[in-house]
Chemist: 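What follows is a single structure, and I will ask about it in a moment.
Order of the sequence lines sets the chain letters (A, B, ...), proteins ahead of strands, with each chain counted from 1.
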There are 2 protein chains.
Amino acid sequence: MTFSEENYLKTIYHLMAVSDAGISTNAIAEKMETKASSVTDMLKKLAEKELVNYVKYQGVSLTEKGQLAAKMIVRKHRLWETFLVEKLDFSWDEVHDLAEQLEHIKSEKLINKLDDFLGNPTEDPHGDAIPDANGRITKIEKQLLSEMDKNRVGICVGVKDTSSDFLKYLDKQEIALGSHIEIIEKESFDSSFRIRVETKEITISHKIASNLYIK
Amino acid sequence: MTFSEENYLKTIYHLMAVSDAGISTNAIAEKMETKASSVTDMLKKLAEKELVNYVKYQGVSLTEKGQLAAKMIVRKHRLWETFLVEKLDFSWDEVHDLAEQLEHIKSEKLINKLDDFLGNPTEDPHGDAIPDANGRITKIEKQLLSEMDKNRVGICVGVKDTSSDFLKYLDKQEIALGSHIEIIEKESFDSSFRIRVETKEITISHKIASNLYIK
DNA sequence: AAATTGTTTTAGACTAGACTAAAAAATATT
DNA sequence: AATATTTTTTAGTCTAGTCTAAAACAATTT
């Protein structure tokens with residue numbers, strides 16, 4: 001499988017996680033910052049290889065085979081991210097682009113050894129689940145902070161947006177995975193939140209709250 | 001720089017280490033298992049980028065810029081090999097192909113952090129020197145076992161041939177980097193060697209002896 | 001020095017993956 | 001239901017890197 005094929009599979013996989021319906025050509029094109037015509041070409045190729053179900057004008061979905069392949073790419077991506085943060089001391093906002101490269105290294109043995117080396121983690125540094133060698137995923141029950149009620153408490157277990165900007169903002173506010181969070185007040189006017197992070201009280205916007213997962 | 005460009009640079013670098021004369025198109029083609037015409041095309045491209053000195057029909061050599069680029073690729077290759085053996089517990093005959101992939105990951109920061117993580121090694125698992133971040137190489141004074149006299153003793157510090165077959169042979173004979181070697185006898189008829197490896201006495205062919213570096 | 005042999009380059013073709021522009025199909029609007 | 005708009009596909013072009021076959025050059029032999 002080529003780099004490009006792998007990137008398409010991964011993108012379709014991520015889009016399918018959001019909406020189960022057939023994924024549109026345009027949605028893929030937008031996410032990959034490419035043109036719809038390029039997507040169509042690739043979809044034909046992937047369909048030829050039985051990695052996607054593709055019917056002209058009706059979008060695609062992954063086949064079983066495609067889904068497994070995609071999960072293996074996600075597995076690699078998240079294991080490498082974990083390696084970079086845990087072992088090489090990168091910060092969580094730096095690792096995405098590197099993992100985008102590393103996820104294409106071809107070797108099952110390597111990734112399984114890396115998995116062992118890291119102690120078979122089930123989550124990456126952003127709180128996302130790492131599929132195991134068989135593609136199985138340990139679901140984490142989590143909730144968006146924005147959907148929680150006043151006075152609820154919990155632990156920050158993940159982020160929805162993983163953009164560098166957002167992650168840097170969290171660092172600045174000293175919000176990290178594992179941080180203890182308590183909802184002190186919800187401001188109905190602008191939907192902002194007054195929360196306590198460990199011992200510190202801060203105000204965060206609705207946008208921030210809707211990108212933080214709490215358990 | 002593309003993968004392909006990097007592979008050409010690396011190949012030229014390795015060939016230059018053997019003979020300082022201009023490297024021939026054919027030599028490159030053979031080493032890379034490609035055709036001479038493909039090599040010519042690429043040499044033009046590399047010359048355009050001022051990575052090689054190329055004059056039609058007269059072979060190539062690396063420019064300063066090309067040499068540094070090549071060293072950085074070798075640096076990455078050897079650091080990844082070291083990582084695979086030291087941290088992930090691969091054997092020394094398994095790591096080459098993987099490192100061929102990993103050496104193309106683009107990030108200075110990553111490779112420097114990896115270097116630190118490994119404790120800034122100066123040699124890889126085959127005893128080859130690892131260039132530092134500036135391209136500087138710590139020369140190891142070493143000698144081919146085949147060029148040493150009777151009764152000399154030393155430590156195995158490297159291998160010339162790094163093929164999987166050869167390395168597996170060494171494992172079988174329990175010859176490793178750091179092994180204590182003593183030359184007991186040189187057989188003039190077939191140039192074979194009777195040597196002691198640690199406490200064990202064995203006979204090795206001239207071919208084996210001429211691929212082992214001793215200090 | 002001419003002829004033969006071997007090496008290197010050129011010319012032209014191919015593939016993967018991307019693109020633009022135009023055509024076709026699907027969806028939305030009146 | 002007919003039209004307008006949007007989405008998707010097709011057709012054709014481009015680039016990087018490879019290839020084959022033929023031509024040009026270099027080296028060797030006679």
Side-chain angles (χ1 to χ4, degrees), chain A residues 1-13 15-16 18-62 66 69-70 73 100-101 103-106, chain B residues 1-13 15-16 18-62 66 69-70 73 100-101 103-106:
Chain A
M1 210 163 7
T2 65
F3 278 30
S4 194
E5 287 172 345
E6 291 190 342
N7 285 332
Y8 275 96
L9 279 188
K10 192 183 54 165
T11 301
I12 297 167
Y13 177 79
L15 288 170
M16 277 178 74
V18 183
S19 81
D20 322 333
I23 306 303
S24 79
T25 304
N26 257 4
I28 299 169
E30 194 181 341
K31 191 128 194 225
M32 298 189 69
E33 299 186 316
T34 181
K35 293 299 153 81
S37 55
S38 310
V39 175
T40 302
D41 287 348
M42 182 56 87
L43 294 184
K44 285 180 187 167
K45 212 177 136 194
L46 293 175
E48 195 65 41
K49 296 192 176 188
E50 302 191 314
L51 292 162
V52 299
N53 305 113
Y54 170 59
V55 184
K56 263 192 192 181
Y57 292 106
Q58 279 170 228
V60 275
S61 60
L62 294 174
I73 301 161
E100 292 273 294
Q101 295 185 61
E103 74 191 3
H104 298 296
I105 301 295
K106 275 154 196 66
Chain B
M1 212 165 2
T2 66
F3 279 29
S4 194
E5 287 171 344
E6 290 190 345
N7 284 333
Y8 275 97
L9 279 187
K10 192 183 56 163
T11 301
I12 297 167
Y13 177 79
L15 288 170
M16 278 178 75
V18 184
S19 81
D20 323 333
I23 306 303
S24 80
T25 303
N26 258 4
I28 299 169
E30 195 181 341
K31 193 127 195 226
M32 297 189 70
E33 299 186 316
T34 182
K35 294 298 152 84
S37 55
S38 309
V39 176
T40 302
D41 286 348
M42 183 55 87
L43 294 184
K44 284 180 188 165
K45 213 177 135 194
L46 294 175
E48 195 65 41
K49 295 192 176 187
E50 302 191 317
L51 292 163
V52 299
N53 305 113
Y54 171 58
V55 184
K56 264 193 193 181
Y57 293 105
Q58 279 169 230
V60 274
S61 60
L62 294 174
I73 300 161
E100 291 274 292
Q101 294 185 60
E103 73 191 4
H104 298 295
I105 301 293
K106 275 154 196 65

Chemist: Given atom NZ of B:Lys44 and atom C1' of C:dT8, what is their separation to the nearest angstrom?
Modeler: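 Spelled out: NZ on B:Lys44 to C1' on C:dT8 is 10 Å.
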
Chemist: Write down the atom of A:Asn26, the atom of A:Ala36, and the distance for their closest heavy-atom approach.
Modeler: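 That would be OD1-CB, 3.7 Å.
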
Chemist: Where does the angle between the aromatic ring planes of B:Phe3 and A:Phe3 fall among parallel (under 30°), tilted (30 to 60°) and perpendicular (over 60°)?
Modeler: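 Taking A:Phe3 first and then B:Phe3, their aromatic rings stand perpendicular (interplane angle over 60°).
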
Chemist: Run the side-chain contact (heavy atoms from CB on, under 4.5 Å) test on B:Ile23 and B:Thr11 for me, step by step, so that the C-alpha distance in whole Å, both residues' side-chain angles and the decisive distance to 0.1 Å come before the verdict.
Modeler: CA-CA 10 Å; B:Ile23 306 303; B:Thr11 301; over 6 Å; no

Chemist: Side chains of B:Met42 and B:Met32: does their closest heavy-atom pair fall under 4.5 Å?
Modeler: no

Chemist: Select base, sugar-phosphate, or nothing to describe what A:Phe3 touches, counting heavy atoms under 4.0 Å on all strands.
Modeler: nothing

Chemist: Tabulated below should be each protein N or O lying under 3.5 Å from an N or O of nucleotides 21-29 of chain D; please produce it.
Modeler:
none

Chemist: Taking all non-hydrogen atoms of both residues, which atom of B:Leu62 and which atom of B:Met16 are closest, and how far apart?
Modeler: N-SD, 3.3 Å

Chemist: Using only atom types and a distance under 3.5 Å, with no angle test, would you say the side chain of B:Gln101 pairs donor to acceptor with the backbone of A:Lys106?
Modeler: yes

Chemist: Are the side chains of A:Tyr8 and A:Ile28 in touch, meaning some heavy atoms are under 4.5 Å apart?
Modeler: yes

Chemist: In chain order, what residues pass the ring-ring contact (aromatic ring centres under 6.0 Å, His included) check against B:Tyr57, with sequence neighbours excluded?
Modeler: none

Chemist: Considering non-hydrogen atoms only, spot the tightest contact between A:Ala69 and A:Leu51 and give its length.
Modeler: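 Between these two residues, the closest heavy atoms are CB-CD2, 4.5 Å.
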
Chemist: Give the residues of residues 25-35 of chain B touching DNA chain D, defined as any heavy atom closer than 4.0 Å, sorted by residue number.
Modeler: B:Thr34, B:Lys35

Chemist: Starting from C1' on D:dT18, measure out to CD on B:Glu5 and report it in whole angstrom.
Modeler: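 The answer, rounded to whole Å, is 14 Å.
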
Chemist: To the nearest angstrom, how far is A:Asn7 atom CG from C:dA16 atom P?
Modeler: 17 Å

Chemist: Calculate the interatomic distance between B:Asp41 atom CG and C:dA13 atom C1'; express it in whole Å.
Modeler: 13 Å

Chemist: C:dA18 phosphate, OP1 or OP2: any side-chain N/O from A:Ser4 under 4.0 angstrom?
Modeler: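 A:Ser4 to C:dA18 OP1/OP2: side-chain N or O found under 4.0 Å.
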
Chemist: Does A:Ser38 have a side-chain nitrogen or oxygen under 4.0 Å from the phosphate oxygens OP1 or OP2 of C:dA18?
Modeler: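 For C:dA18, neither OP1 nor OP2 has a side-chain N or O of A:Ser38 closer than 4.0 Å.
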
Chemist: A:Tyr8 side chain N/O closer than 4.0 Å to the phosphate oxygens (OP1, OP2) of C:dA18?
Modeler: yes

